[in-house]
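Here the structure comes first, spelled out in structure tokens, and everything after it is commentary.
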Number of protein chains: 2
Amino acid sequence: MEEWLMQKNVTASDVARALGMSQSTVSRVFTPGASVSAKTRKKVLEAAQQMGYRPNAIARSLITKKSNMIGIVMGDVKNPFYPNVLSMFSRELGKKGYHLLFVNTKNNQISDDEIFQLCEYNVEGIIITDALLTSSLASYFKDKQIPIVMFNRYEQNSLFHAVSCDNIDGGYQIGKYLLTKGHRHLAFISGNPNTSTSHDRKKGFQEALQESGYTYTTEYGDYTYEGSYQATLRLLKSALPLDAIFCANDIMALGAIDAAKEIGVRIPEDVSIIGFDDIDLAAWSAYSLTTWKQPVNKMIAATIELLLKHIEKPEQNNLIIYKSIKGSLVERKTVMDRH
Amino acid sequence: MEEWLMQKNVTASDVARALGMSQSTVSRVFTPGASVSAKTRKKVLEAAQQMGYRPNAIARSLITKKSNMIGIVMGDVKNPFYPNVLSMFSRELGKKGYHLLFVNTKNNQISDDEIFQLCEYNVEGIIITDALLTSSLASYFKDKQIPIVMFNRYEQNSLFHAVSCDNIDGGYQIGKYLLTKGHRHLAFISGNPNTSTSHDRKKGFQEALQESGYTYTTEYGDYTYEGSYQATLRLLKSALPLDAIFCANDIMALGAIDAAKEIGVRIPEDVSIIGFDDIDLAAWSAYSLTTWKQPVNKMIAATIELLLKHIEKPEQNNLIIYKSIKGSLVERKTVMDRH
DNA sequence: CTGTTAGCGCATTCAT
DNA sequence: ATGAATGCGCTAACAG
């Protein structure tokens, strides 16, 4: 009885043999929607429990061609925004029976090889976060019909669905807000300018300023605390008048605040700072950062919906969908009314 | 020629047929250590490239019984320490050809079901980070001989290998250090007291103080910024004299700093604060936190070594190894010399 | 409802 | 060095 416990891998056949029934009957017990009598189901379940049997997902997926695995590609785990996103994807997809195969990219540069490896595992779909595909990879996936959703990044004429915050709107509203509060000498600290997020936030910001006839300075902050810290130093030490800085993400805004404090520039009395994301850190009392809240919950939900729809109905997906979801202003203490 | 591109899944047989050779020959080309002539290898490789063939890892693992997947279970992604750890595991294991199946737990409570699902995927090993196994799960894994390494957590009489920082030593050195710097009224803000990390750090701290005849207050900080923020408020608003706080991790130390500042208590002039971890945030100029550096690189390396050794030589692993690696003090600006 | 059969895509004997 | 045959553990189609 108990010697099953010693066995390395108990298979459905083992259970079947022990019970004097066929392997397929055992299999049916573990196959949703298959028909088994209540009595045999009970017997099988008990024996499985006893013997420590669990269906082998690998073997199953070989035949069903459903691995129930989804690849997730993530670059910048240093920005708290992303671990949070990862956690939410894990939870939500877990509820639906999917598991995450995690790939971390260096420098947000997706290596073809890493991604091919994902495919070899028959992932049913891939979520790409803060990174872009090389065009050769893109067409490979297109040919292979592997569903992909870009999260928080997109490209012109992309071959794949994308979900992000409405970054243009966010940038625009931030510009308006800063102007409304009486700021006239503005600066933008950018992330990697090749990213749609940084690009769009800047674009919206620029539109708002242009409408009112204002211009602004741009510095490169690399989407990192350190990068923005240095950028802010350059900005504040220059001769340019400056009363507000819009940072393309929160982590850079925090770097900007710290840099300002370091050289005795008061926030917000001397210069206002506004971020983008609304990460947990932004609410810490050390910062109390005024920022733009990305609707992460909705973005996650939209991504999953798009991905699963594509997975379930591969045929009707010639149409590329780009969802952009509006965020909202979170007023804290780093922007002052200058009137 | 090109119509292969339209095909859903190109198999080894497809390639073999196109080349007029056997499936096994094709297979051998992709099997390290198998013998194929240079000429046929070249032909196969070219055809595979043409036709978009890649070996199916699922099918392969079914027969080799090597999935090349490792499960990683992680709880608190809000503490930046862990995303960083995840990223490093991903990189290092990736180099060795392993992929990560990621599971996020709620409340650091590993649900049996989630873990069983990992097993169904034939993960070759599991890394458990900042969470513990229920004892029923533990014995299940023991029976199944699935290698597990606990990272940054361990239990008495654990059935599994564990790797962590030498937390007792860390706590001890911190106690000594604070005393040496002339502090006499000490407090400890704990994480979850059921965790070995919090427990051991406290234990070492306590030893150091006892040796010199000092006592200390304990407050519960829950390993979170918020929890520690409140704990610090309680501490500072009480009538107790206080000149130094040791927080069981960095994120709590940051909460403590912010709480102190909020009510006008100067750091380090009025009270010194020291953390544990040395996360990136600790070095930010807003905090300049003096802390204890966990040797993350070494811890990761040790974990991987233990895990892979166990995977490769399952038989000789009745011996449970617990590796604890010494950390080091990082002096910044939150501890003052009170002499 | 259950047993028999076939085969998913591959690595691995055993021949040659 | 290569081909033929076998089976990993499972689900699905087909009988009954």
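So you know, we letter chains A, B, ... as the sequences are listed, proteins then strands, and number each from 1.
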Can you see if the side chain of A:Ser61 gets near the phosphate of D:dC10 - specifically, an N or O under 4.0 Å from OP1 or OP2? no

Remember a base hit wins even if backbone is also touched, and classify B:Ser24 as base, sugar-phosphate or nothing at under 4.0 Å, heavy atoms. base

Under 4.0 Å, heavy atoms only, any strand: does A:Thr31 hit a base, just the sugar-phosphate, or nothing? sugar-phosphate

If you find the nucleotide of DNA chain C closest to A:Ala38 and the one closest to A:Ala59, which residue's nucleotide is nearer the 5' end? A:Ala38

Does B:Arg54 reach a base, just sugar-phosphate, or nothing at all? Heavy atoms under 4.0 Å. sugar-phosphate

Which whole-number value in Å describes the distance from B:Arg17 CZ to D:dA4 P? 13 Å

Tell me: CG of A:Asp14 to C1' of D:dC10, nearest whole Å? 13 Å

Angle between ring planes, A:Tyr322 versus A:Tyr154, binned at 30° and 60°: parallel, tilted or perpendicular? tilted

Quick one: is B:Tyr53 getting a side-chain N or O under 4.0 Å of the C:dC10 phosphate, OP1 or OP2? yes

5′-ward residue of the pair A:Ala57/B:Met21 relative to DNA chain D: B:Met21

Scan side-chain atoms only and decide if B:Ser67 and A:Tyr121 contain a donor-acceptor pair under the 3.5 Å cut-off. no

Can you check the B:Asn122 CG to D:dC8 P distance for me, whole Å? 14 Å

Residue whose nearest DNA chain D nucleotide is more 5′ - B:Ser35 or B:Ile63: B:Ser35

Under the 3.5 Å rule, do the base of C:dA11 and the side chain of B:Gln23 count as making a donor-acceptor pair? yes

Under-4.0 Å side-chain N/O to phosphate OP1/OP2 contact, B:Lys65 with D:dG9: yes

If you take all heavy atoms of A:Ile115 and A:Val73, which pair is closest and at what distance? CD1-CG2, 3.7 Å

Side-chain N or O of A:Thr25 less than 4.0 angstrom from OP1 or OP2 on C:dG3? yes

For B:Thr40, report the nucleic acid contact type (base, sugar-phosphate, nothing); a contact means any heavy atom under 4.0 Å. sugar-phosphate

For the residue pair B:Phe160 and B:Phe141, does the interplanar ring angle fall in the parallel (under 30°), tilted (30 to 60°) or perpendicular (over 60°) class? perpendicular

May I ask you to say whether A:Lys42 pairs ionically with A:Glu46, meaning some side-chain N is under 4.0 Å from a carboxylate O? yes

Can you tell which of C:dC10, D:dC8, C:dT2 lies closest to the side chain of A:Arg28? C:dT2

Short side-chain N/O contact from A:Ser27 to OP1 or OP2 of D:dG9, under 4.0 Å: no

Side chain of A:Ser22 - closest among D:dG9, C:dG3, C:dT2: C:dG3

